[in-house]
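A short worksheet on the structure shown next.
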Amino acid sequence: MSTVVRKKKVDPSVIGMILFITSEVMFFGGLLSAYFAARGGHEAWPPKGEVAPGLVWPAVFTAALLASSVTQHRALEAGTSRTRRWVAATIVLGLVFLAGQAWEWTELRSEGLSISSGIFGTLFFTITGAHGLHVIGGLAMLGVVASRWAGDPRRDHLEAATYYWHFVDVVWLVVFVSLYVRP
């Protein structure tokens, strides 16, 4: 008697997302490389005359983003009836993170840090802004998946969106440590 081993077929949307995330790793790698090169070329960092961001509030908003990875994982693992609730929780936590980032930008600008205030400001706003745009893209993706879930539950689309959301969170951890914890 022979046993037939069937391989699970990976959905094209998941493969496409993995390829897209790979390109985004290179994008953020380039931004962070520019940051580390600039930082290495200065004795003091941020350079004199540029404001350093605080740590407490960004840490709070980072916790919200990390919690959103937990809720998104739960969405992927939940039964159909609970998936939309977990995705909604993820979206809310993502919006809390974005609101915190917007508030922080406003505070830093009032203290004199801007994209044109010097090399640190340029890199800080470019990197955090690029990440913020990726969070917005992830929220849109999750919104589409959640809105379609009731009528057409496609686990592969939810899986692809979840991979992207986890990617956005991992990138933020690297950004947070690089720009806030060890500037």
Side-chain angles (χ1 to χ4, degrees), residues 5-41 53 58-59 61-78 83-84 86-98 100-102 105 115 119-120 122-149 152-183:
V5 177
R6 294 181 193 234
K7 293 182 181 181
K8 181 184 174 196
K9 188 175 177 184
V10 179
D11 188 81
S13 64
V14 172
I15 293 171
M17 183 56 68
I18 290 169
L19 292 173
F20 177 68
I21 288 171
T22 302
S23 72
E24 293 300 291
V25 166
M26 290 184 267
F27 171 75
F28 279 103
L31 288 177
L32 289 167
S33 294
Y35 176 81
F36 291 126
R39 184 171 94 177
F61 298 122
T62 296
L65 193 62
L66 294 178
S68 75
S69 244
V70 173
T71 57
Q72 189 55 35
H73 178 75
R74 297 290 303 258
L76 188 60
E77 299 300 317
T83 296
R84 288 180 78 183
W86 284 114
V87 172
T90 302
I91 291 170
V92 167
L93 288 167
L95 290 171
V96 166
F97 173 81
L98 285 176
Q101 189 174 39
W105 277 22
I115 198 163
I119 188 71
F120 178 78
T122 299
L123 290 167
F124 177 85
F125 284 103
T126 300
I127 293 168
T128 59
H131 180 266
L133 289 174
H134 282 77
V135 171
I136 291 168
L139 291 172
M141 192 181 312
L142 292 172
V144 168
V145 167
S147 68
R148 295 191 62 208
W149 191 259
D152 180 23
R154 292 283 310 264
R155 181 171 167 75
D156 47 348
H157 292 172
L158 180 65
E159 184 178 354
T162 299
Y163 287 162
Y164 182 78
W165 194 255
H166 290 323
F167 160 75
V168 166
D169 286 4
V170 169
V171 166
W172 181 253
L173 280 177
V174 174
V175 168
F176 179 72
V177 169
S178 300
L179 273 63
Y180 294 88
V181 178
R182 296 186 49 92

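Since the model is a prediction, treat every value here as computed from it, not as a measurement.
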For [X] against [Y], the heavy-atom pair lying closest together:
X    : Y    : answer
V96  : A64  : CG1-CB, 4.0 Å
W86  : A78  : CD1-CB, 3.7 Å
F125 : I115 : CD1-N, 3.6 Å
T126 : L31  : CG2-CD2, 3.9 Å
A160 : S13  : CB-O, 3.7 Å
A161 : V145 : CB-CG2, 4.1 Å

Taking side-chain hydrogen bond (donor to acceptor under 3.5 Å, both in side chains) as the definition, give me every residue that meets it alongside E159, ordered by chain and number, with sequence neighbours left out.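 By the side-chain hydrogen bond (donor to acceptor under 3.5 Å, both in side chains) rule, E159 matches Y163.
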
Quick one: side-chain contact (heavy atoms from CB on, under 4.5 Å) partners of [X], sequence neighbours excluded?
X   : value
P58 : E104, F176, Y180
A67 : L93
V25 : I21, F167
L95 : I91, L139

Can you tell me which residue among H73, Q72, E77 is in a side chain to side chain donor-acceptor pair (under 3.5 Å) with T162?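 Testing each of H73, Q72, E77 against T162, the sole residue satisfying side chain to side chain donor-acceptor pair (under 3.5 Å) is Q72.
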
Below 4.5 Å, heavy atoms only, C-beta onward: do [X] and [Y] meet side chain to side chain?
X    : Y    : answer
W165 : D169 : yes
S68  : F97  : no
V168 : W172 : no
V87  : L158 : yes

Look up atom [atom1] in [X] and atom [atom2] in [Y], then write down how far apart they are to the nearest 0.5 Å.
X   : Y    : atom1 : atom2 : value
Y35 : L123 : OH    : CG    : 8.0 Å
I18 : S23  : CD1   : OG    : 12.5 Å
L76 : H166 : CG    : NE2   : 7.0 Å

Among pairs that include at least one residue of residues 128-144, which meet side-chain hydrogen bond (donor to acceptor under 3.5 Å, both in side chains), considering only residues two or more places apart or in two chains?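 Residue pairs with at least one partner in residues 128-144: E24-H134, W105-T128.
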
When you measure from the side chain of R182 to the backbone N and O of V177, does any donor-acceptor pair fall under 3.5 Å?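 No; judged by distance alone, with no hydrogens or angles, the pair does not exist.
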
May I ask you to decide if L66's main-chain N or O and S69's side chain share a donor-acceptor pair within less than 3.5 Å?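 Not at all, since once roles are kept as given, no pair shorter than 3.5 Å links the two residues.
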
